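Taking it in order: structure first as structure tokens, then the write-up.
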2 protein chains.
Amino acid sequence: MAKQNTVFKDAFNRCLKLLAETSSLPSEPELGTTLGVSRTTVRAILTRMEELQLLAWDKRAKVVLRQPKPEDYYPAEETDSLSDIIERSFMRRILAGGAEPGMQINELELARDIGTGTTSVREFLIRFSRFGLIEKRPNSHWILKGFTREFALELTEVREMFELRSAASFAALAPDHPAWADLDRIETLHHEILADIDNRYKEFSELDERFHLLVHTSSSNRFIVDFYDIITIVFHYHYQWNKTNARERNARALEEHLDYIAALRSRDPARIETACRRHLKSARETLLQSIQ
Amino acid sequence: MAKQNTVFKDAFNRCLKLLAETSSLPSEPELGTTLGVSRTTVRAILTRMEELQLLAWDKRAKVVLRQPKPEDYYPAEETDSLSDIIERSFMRRILAGGAEPGMQINELELARDIGTGTTSVREFLIRFSRFGLIEKRPNSHWILKGFTREFALELTEVREMFELRSAASFAALAPDHPAWADLDRIETLHHEILADIDNRYKEFSELDERFHLLVHTSSSNRFIVDFYDIITIVFHYHYQWNKTNARERNARALEEHLDYIAALRSRDPARIETACRRHLKSARETLLQSIQ
DNA sequence: AAACTGTCTATTGTGGATAAAAGACAAAAT
DNA sequence: ATTTTGTCTTTTATCCACAATAGACAGTTT
């Protein structure tokens, strides 16, 4: 098959949710904007909804006939984009299956394993190579450099440089800059999670990403912001396989964040630097502990 | 055609030069190591040399029959790898052809223009995207973000952070570290070029890259070293299209380098920082001047 | 007049095919 | 006992084909 229609399936599922809330759907261009897809895909969705007797569709009239049932949705496995599937599969392989540094990575084998074509695997590897975990030998295989202690140290060294600089520039943002409002919302969430930490500590990972990305974004430097992708992916998979003391670690990090946020609000450079350094230091330690 | 045999042609040309200097060629594995290709390619080269009556080849005996003539070589255009061709072609397009920021980049059109398949163009764009000059809209085109003033400022901001840090760590290298010997050689070249600046100022660009890469490498941080690729490509193409006052600019930069090198030797952090900052500042100004 | 729909075209994403290049292994030579 | 060669298999680099998706334009509706 040439291309999976995952964009269609995912948008269809999201459109079902919209449909559940109204008696008629808006115009095709409007739906396209809402769902983030082209009109071609919108029309495919409407056609499918008609087939399923969910909708009576005639030109502008899009009347909802019945509520969607669970079986109307496409299964979640079919809505993942191929690159996500390859990423997950690859990460599992290199993290789970004893990823010896120096190991060779074989495009063909990986493709067979995942059940996909080589082109997609190749493109994934090229994209992934910017994370510094693999390296290409031209006309030959890729080398896994491994998720080693050195990797973590190099990563955190740059992270710390970038985040200190970003935090400093955050303090210089105009008082009416929208980032301050974002910061408020993020702070509120911190308090909410801390208040019910036993049940909600798992929400930390996502909040952590959101907070640090906000800080990095204030640097207005694409290289700094882009670098945060590496942090994100590393921590994302790191949280998935290192769950020891997650509750305690997350509670502590939340407290550190609150201190860091207060420092940002104070706009006092010295205080910001202290709070930022303290938090980054403990983040680094957490990461390092999970490695050896 | 599935794959151009540029590896073979390029290695063949290089092997002709080796052949010109001896009466017999070494073993296949040894040749492979020297030329940086596999035995398969070495054997293809030897076969071709036999056809051209350059060599009498029987197992271990590889007797040179005659000196290579100019027409024995493959033309230079045929030895460039496809990715180099695409890179040059792309850079010419976006630098020469009024590269408006926000312009769309079309894979198919680019491929037709260069006379190649879409896959190779796509892979090039993915690799190139890490330089922050283009950005992908999934399921749609690429956007050219343009070689703008902002780009240059963001690039130099990170460069300065990285280079200051690398320079500081350079001073901490053990006295017997090979980098010091490299530094000696680089310094000597500086003096040689300065002594004959009117004729040799064009050699600066390459020497500049070599010097800064050496400094960056001492950081032992893959992210810092990899980032230098961006600097390299930007300055490489920048030097090609901005040649005003090249002699003066290069002479000044060479002097600054010498000062910077002396500072590194002194191992005095304050002096290093001063020299490094001064040079980076003038490099930034040169780059910015070429933009608007 | 502005927004929407019908229809058509162009481009992207992905699998498959194939030549080039790498590389494995046993037999042969030093 | 290495190193080299002969032979064969595997993998990479690249083109091509085709479905999915985006997008353009004219005609239609409000």
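Note that the structure is a prediction, hence the values are computed from the model and not measured. Proteins get letters first, then strands, A, B, ... in listed order; numbering begins at 1 in each.
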Taking any heavy-atom pair under 4.0 Å as a contact, classify [X]: base, sugar-phosphate, or nothing.
| X | value |
| --- | --- |
| K9(A) | nothing |
| K136(B) | sugar-phosphate |
| Q4(B) | sugar-phosphate |

DNA chain D-proximal residues of residues 15-36 of chain B, any heavy atom under 4.0 Å: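 Those residues whose heavy atoms fall under 4.0 Å from DNA chain D, taken from residues 15-36 of chain B in numerical order, are S27(B), E28(B), P29(B).
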Report yes if at least one side-chain N or O of [X] is closer than 4.0 Å to OP1 or OP2 of [N]; otherwise report no.
| X | N | answer |
| --- | --- | --- |
| N5(B) | dA13(D) | no |
| R112(A) | dT11(D) | yes |
| N139(A) | dT12(D) | no |
| R43(A) | dG6(C) | yes |

Could you verify whether a donor N or O on one side chain and an acceptor N or O on the other, from Y74(A) and R48(A), lie under 3.5 Å apart?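 Present: a donor and an acceptor within the cut-off.
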Considering heavy-atom distances to DNA chain C, does E109(B) or T119(A) have its closest nucleotide positioned more toward the 5' end?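 Looking at the nearest nucleotide for each, E109(B) comes out on the 5' side.
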Round to a whole Å and report the spacing from CG of D10(A) to C1' of dA20(D).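 Distance, rounded to whole Å: 14 Å.
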Write down the distance between CD (E107(A)) and P (dG16(C)), rounded to a whole number of angstrom.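 From E107(A) CD to dG16(C) P: 16 Å.
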Take T118(B) and P138(A), find for each the nucleotide of DNA chain D with the closest heavy atom, and name the residue whose nucleotide sits nearer the 5' end.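 Counting from the 5' end, the first nearest nucleotide belongs to P138(A).
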[N] base to [X] side chain: any donor-acceptor pair below 3.5 Å?
| X | N | value |
| --- | --- | --- |
| S38(B) | dG23(C) | no |
| K3(A) | dT12(C) | yes |
| T116(B) | dC15(D) | no |

Hey, is [X] close enough to [Y] for a salt bridge, meaning N to O under 4.0 Å?
| X | Y | result |
| --- | --- | --- |
| R127(A) | D229(A) | no |
| D84(B) | R88(B) | no |
| R130(A) | D226(B) | no |

Determine, for nucleotides 24-30 of chain D in 5'-to-3' order, which nucleotides have protein heavy atoms under 4.0 Å from the base (write B), from only the sugar-phosphate (write S), or from neither (write -). B---BB-
Output the distance between atom CG (N5(B)) and atom CD (E78(B)), rounded to the nearest 0.5 Å.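 With rounding to 0.5 Å, CG (N5(B)) is 8.5 Å from CD (E78(B)).
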Taking the side chain of H141(B) as its heavy atoms from C-beta onward, which of dG23(D), dA22(D), dT12(D) lies nearest to it?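 For H141(B), the side-chain atoms sit closest to dG23(D).
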If you only use heavy atoms from C-beta on, which nucleotide in dC15(D), dT12(D), dG23(C) is closest to the side chain of S140(A)?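 The answer is dG23(C), which lies nearest to the side chain.
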